[in-house]
Protein chains: 2
Amino acid sequence: MICINSDGLPEMAQAIRFRQATSPLKASCQQCSLSNLCLPLAVQDNDLDSLEDIVQQGRMYDRGEHIFDQSTPFRSCFAVKSGSVKTSIITEGGEEQVTGFFMPGELVGLDSMSGEFYACTAKALERTSVCEFPIEKLEELTGKLPDLQHHMYRLMSQEIQNSHQLAMLLSKNTAEERIAALLLSLSSRFQRRRMSPTNFSLPMARNDIANFLGLAVETVSRVFTRFQNQGLIRARGREVELLDVEALQLVTREFSRQNCQH
Amino acid sequence: MICINSDGLPEMAQAIRFRQATSPLKASCQQCSLSNLCLPLAVQDNDLDSLEDIVQQGRMYDRGEHIFDQSTPFRSCFAVKSGSVKTSIITEGGEEQVTGFFMPGELVGLDSMSGEFYACTAKALERTSVCEFPIEKLEELTGKLPDLQHHMYRLMSQEIQNSHQLAMLLSKNTAEERIAALLLSLSSRFQRRRMSPTNFSLPMARNDIANFLGLAVETVSRVFTRFQNQGLIRARGREVELLDVEALQLVTREFSRQNCQH
DNA sequence: GTGATCCTTTGATTTGCATCAATTCGGACG
DNA sequence: CGTCCGAATTGATGCAAATCAAAGGATCAC
């Protein structure tokens, strides 16, 4: 029995409920409100069936549950359907490095296609549901559908770029710049999902933010209060309101602007 | 007229000279000594022809020449044939962030498959030759050759992982750990190319190393001398000799070991 | 060969953030 | 409703690496 929560995506719950009535295990991309963000985006309507043939309805995951970890044999990529996911690398020493946060419609596992096991650990940040794409079938299908293959290349390429952006943030930017950049990234991703870009709830803890951005928790906390005192944001716990988006954008660009002048 | 240098890859020069005698523009993967590192690695012998049909012999680039930059429309991926390449992102402010170094057999441009223009700037670090894979033809071919498609996925996935590793290095490790890790990475990559893993010439300037690792040039210089004083390496200019590989490995692991103990 | 330019090294000083320490807040649960 | 434990905040201190400054070295053009 699959339980669905809507987690701030009310228009989706309905579609999913409909799907369940017709076919409990096979996911229906046609009915899914995320089809304009997820893999279906890339396939023609008449090919959507073949994508639906390979996708499996994943189960629900509670907050903190692992979807896979680095000892799990790599079998599938997962699209987030509702909720959100954190991926991180755990080193031999038990150190964690958060490598990404994934929101509905985003594909998790693209970094694992070159090995026998997953290259990272994926953990549900809240109650989360996913769709599963078995990699063998997916590769077979992308071989037949050039548009889908093209889209896979685009997605992976985008992930490389994102990771480079992160590296840049880590190596060149101050704590304030990093946090402003993260807030703006989340904002635009919420917006694309038809949620408020200025008023949202952070899916992750301060600790995850700190780890992701290469900072100490204390620093994250301090920057949040500083931003709050400057009137840029309003934050209470995980609830965040962006009060001055332009000023935040200015913060992220401050760095490059300064270095432009000499 | 294409000029070839052998740049420390003597066994290759001969193969290339042979190729030139038979077909000046079409590259011969069959004759190329890098075929066990590069894309041909993934295709059956009887499919090698179709790969050779799409690959174009690129021209030679002098040290410092751009192969492409962020204003170049994205058309092709490039395999390094000889020499080496540095990729970097140039921000609006003119700031540079080095995103990678590429050695013979490695594919440049995988991060650019999601946009109209290249996502980074590629610059020859020394006299360098490349093979060019037009992306449209490459995608068409990967649609026909599942093994090649699989290999592309692997390569892109690997690039995501590398970038995550870099992010981890940047956010968690000290200057010494970062530099030791880079030296060891270069070492193993030289080794795979049948060159000495302990005695090589750095293709990049200190500045590039610093930028790549998120450090100041001065810090890189200081760590090099410190390593030298400790008897780990011997370095004069770009010539480097790794005197104690195990000790270097210890340096990179020191971090995780320490954090394991409490 | 010689000057110009860039790259590298070395030293002195500053600083942003980590670390250590101590509350305070907030949700889970009996 | 109070108890408990992890999460978040705030303050004080220390340090690794940036920055500033200047001197060698290497490389190139002419």
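Every chain is numbered from 1 and lettered A, B, ... according to where its sequence line falls, protein lines coming before strand lines.
Side-chain atoms of B/E218 come within donor-acceptor range of the base of D/dC20, with a qualifying N/O pair under 3.5 Å. Side-chain N/O atoms of A/R222 and base N/O atoms of C/dG16 include no donor-acceptor pair closer than 3.5 Å.
You'll find that the side chain of B/T219 is closest to D/dA18, out of C/dT8, C/dC17, D/dA18. The side chain of A/A216 lies closest to C/dT19, out of C/dT8, C/dT19, D/dA8. The side chain of B/S221 sits closest to C/dT10 out of C/dT10, C/dC17, D/dT9.
Taking atom CD1 on A/I179 and atom P on D/dT9, their separation rounds to 10 Å, with Å as the unit. The CG atom of A/D208 sits 10 Å away from the P atom of D/dA7 (whole-angstrom rounding). Atom pair B/E126:CD and C/dC7:P shows a separation of 16 Å (rounding to whole Å applied). Summarising the geometry, the separation between CZ on A/R236 and C1' on C/dG27 is reported as 14 Å, rounded to the nearest angstrom. Between the NZ atom of A/K172 and the P atom of C/dC17 there is a distance of 15 Å, rounded to whole Å. The CD-C1' distance, from B/Q228 to C/dT9, rounds to 12 Å in whole Å. The CZ atom of A/R63 sits 11 Å away from the C1' atom of D/dA7 (whole-angstrom rounding). To the nearest angstrom, P of D/dA8 lies 15 Å from CG of A/L215.
Residue contacts shown for B/G214 are limited to sugar-phosphate atoms, with no base heavy atom under 4.0 Å away.
The line from CG of A/L166 to CZ of A/R178 is 9.5 Å long, rounded to the nearest 0.5 Å.
A distance below 6.0 Å separates the ring centres of A/F200 and A/F190.
Look at B/T225 and you won't find any side-chain N or O under 4.0 angstrom from OP1 or OP2 of C/dT9.
A salt bridge does not link A/R236 with A/E241: every distance from a Lys NZ or Arg NE/NH1/NH2 to an Asp or Glu carboxylate oxygen is 4.0 Å or more. A salt bridge links A/E96 to A/K86: one of the charged nitrogens lies within less than 4.0 Å of a carboxylate oxygen.
If you run side chain to side chain contact (heavy atoms under 4.5 Å, CB included) between A/T87 and each of A/D111, A/T121, A/T99, only A/T99 comes through.
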